[in-house]
Chemist: 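First the structure, then my questions, so here it is.
Letters go in sequence order (proteins before strands), and every chain restarts at 1.
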Number of protein chains: 2
Amino acid sequence: MTQEETNPGLVSAAIQAITQHIRVEGLGPGDLLPSEADMTRKLSVSRTVVREAFRSLSAMRLIDMSAGRRASVAKLDIGAMSMVIEHGVTTEQISVHQVYDVRRTIEMRTVALAALRRTDAEAAEIEKYARLMRENCRSPEIVMEHDIAFHEAIAQASHNPVFSLIINAFSGVTRRTWVIGWRTRATEEEQIKMIEGHGDIARAIIAGNPQLAAEHMAAHFDKSVKALIDAGIA
Amino acid sequence: MTQEETNPGLVSAAIQAITQHIRVEGLGPGDLLPSEADMTRKLSVSRTVVREAFRSLSAMRLIDMSAGRRASVAKLDIGAMSMVIEHGVTTEQISVHQVYDVRRTIEMRTVALAALRRTDAEAAEIEKYARLMRENCRSPEIVMEHDIAFHEAIAQASHNPVFSLIINAFSGVTRRTWVIGWRTRATEEEQIKMIEGHGDIARAIIAGNPQLAAEHMAAHFDKSVKALIDAGIA
DNA sequence: GCCCCAAACCTGTATGATATGTTTTCTTGA
DNA sequence: TCAAGAAAACATATCATACAGGTTTGGGGC
């Protein structure tokens, strides 16, 4: 909304009508929306228009659609967010460096929050990914996936879904640049040191020390950014 | 992408094909995409499917569409991002408080970057909004709009479009809660003090003092959040 | 060389048809 | 009486076609 309102066209109006319906009826995740035929009657437009509206909301993952079933309100999902970021990067309107600055800013906060708020299960999960990185240090791809899961778990443990949302939106970019950063760490020793950085973070979270956790996270990002710069990525 | 791949259906495939086209061809903002008819032939699906794909990308503001013209790659825009956030808030999957924590985190960084990187024109713009808030202190709606513009200008001056993107995505939520916070500031004196907080921030940016700017921003957010809590907003 | 207009092309919307998946209802058999 | 299963009602997925406007382009006239 906010900017959809001034958009011409029946489809935008239909999108607005649907989101408004969600708001007015106070619908939550899982609740069913009217069928396309209902909407067609209610808005006095063709099925085509209603369908494009539903489809658009589905593409943004604001609603779930599947054949035979009526659409339903979706659970919070990175959905569109990651597409926007990826679009920005692939069209060179956003640099990888800028993404990392945002990640650093946010993750210094999530890690501090995680140190304060994590449950024991969350702490164990975070520690698990740090360990898995160590154990698979010979397979970059696997290390990467655990790395991403590690940061995601920390965001989760911050207990603020908006942070999770944003961090996850960046994971696509991370996947496309991670290996490059890894390769600049020439020696195996350096690679192990980088992995151990995650261990430091995990321990600080488990110890419930937000200051220390934030410091380790900052150091980790500084090293990562340096690696990307060394690799010639702006 | 990233999660669209596993989605069944021709439309998702078409969306992927289009984004892939943008990537492979190295298209940038303003560049034209194939016509719907072209895509129809290329993908061997009906125009309906292609249209729904285009429309979805348009709803996310990854592409621009208008009658008679072929679609083009869009400039970076909050687009979908704000819709995701709003959806989260209206369906009560995100609390206003959580949004403010994220804003605080990010804006403490943008304000520091702004102090370091702002051009003179940007500094003047920021100062202008602070002044306009002071001059219109009797009209909450107007103060609010200048307040939002103030924070947006700071994000702009950080010279990292990702920050701008995120801050702007929150402006819808801000609009819906701002007045509530304002009302809890019972006396006119308190309201003026709150507005003066913006002046402090502006001056620190102009002075090029990132530390001070961040401190003022933190204080500003702490007061705002306190106001919302006093108003009973979780 | 310039202007104007028509043709070609494109998107926006509507309609109807068919295929297929899901839910509800009703029947039938134990 | 009740439960299993079939049929009907409902819903989305995709396709084909049509026509109304908006935009671009190329040609003709000057």
Chemist: Tell me the interatomic distance from Phe54(A), atom CZ, to dT12(D), atom P, rounded to whole angstroms.
Modeler: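 Distance, rounded to whole Å: 7 Å.
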Chemist: For the residue pair Pro161(A) and Gln93(B), what are the closest heavy atoms and their distance?
Modeler: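 For Pro161(A) versus Gln93(B), the nearest heavy atoms are CG-O, 3.7 Å.
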Chemist: Do the side chains of His159(A) and Glu122(A) get nearer than 4.5 Å, heavy atoms only?
Modeler: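 Of all side-chain heavy-atom pairs linking His159(A) with Glu122(A), at least one is under 4.5 Å.
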Chemist: Is there a salt bridge (charged side-chain N to carboxylate O under 4.0 Å, His left out) between Glu36(A) and Arg47(A)? Walk through the geometry before answering.
Modeler: CA-CA 7 Å; Glu36(A) 292 175 1; Arg47(A) 269 199 318 282; 5.6 Å; no
Chemist: Extract, from 5' to 3' on DNA chain C, the first and final nucleotides lying under 4.0 angstrom from some heavy atom of chain B.
Modeler: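 So the contact region on DNA chain C extends dC10(C) to dT13(C).
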Chemist: Say you draw a straight line from CD of Glu92(B) to OG1 of Thr90(B); how long is it, rounded to the nearest 0.5 Å?
Modeler: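 If we round to the nearest 0.5 Å, Glu92(B):CD and Thr90(B):OG1 are 8.5 Å apart.
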Chemist: Are the charged groups of Glu145(B) and Arg175(B) less than 4.0 angstrom apart, N to O?
Modeler: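 Salt bridge present between Glu145(B) and Arg175(B).
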Chemist: Take the angle between the ring planes of His220(A) and His151(A) and call it parallel below 30°, perpendicular above 60°, tilted in between.
Modeler: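 The arrangement is parallel - the two ring planes meet at less than 30°.
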Chemist: Can we say Arg109(B) and Asp101(A) salt-bridge, meaning some charged N sits less than 4.0 Å from an Asp/Glu carboxylate O?
Modeler: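 Yes.
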Chemist: Got a sec? Which of residues 34-53 of chain B come in under 4.0 Å of DNA chain C, heavy atoms?
Modeler: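 Contacting residues: Ser35(B), Glu36(B), Arg47(B), Arg51(B).
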Chemist: Polar pairs (N or O, both sides) under 3.5 Å between protein and nucleotides 20-23 of chain D?
Modeler:
none

Chemist: Please round to the nearest 0.5 Å and tell me the distance separating atom CG of Leu228(A) and atom CD1 of Ile180(A).
Modeler: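 Here the rounded value is 7.5 Å.
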Chemist: Hey, are Arg104(A) and Ser224(A) close enough side-chain-wise for a donor-acceptor pair under 3.5 Å?
Modeler: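 Note: Ser224(A) and Arg104(A) side chains miss the donor-acceptor criterion.
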Chemist: If the threshold is 4.0 Å, N to carboxylate O, is there a salt bridge linking Arg176(B) and Glu86(B)?
Modeler: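 Salt bridge present between Arg176(B) and Glu86(B).
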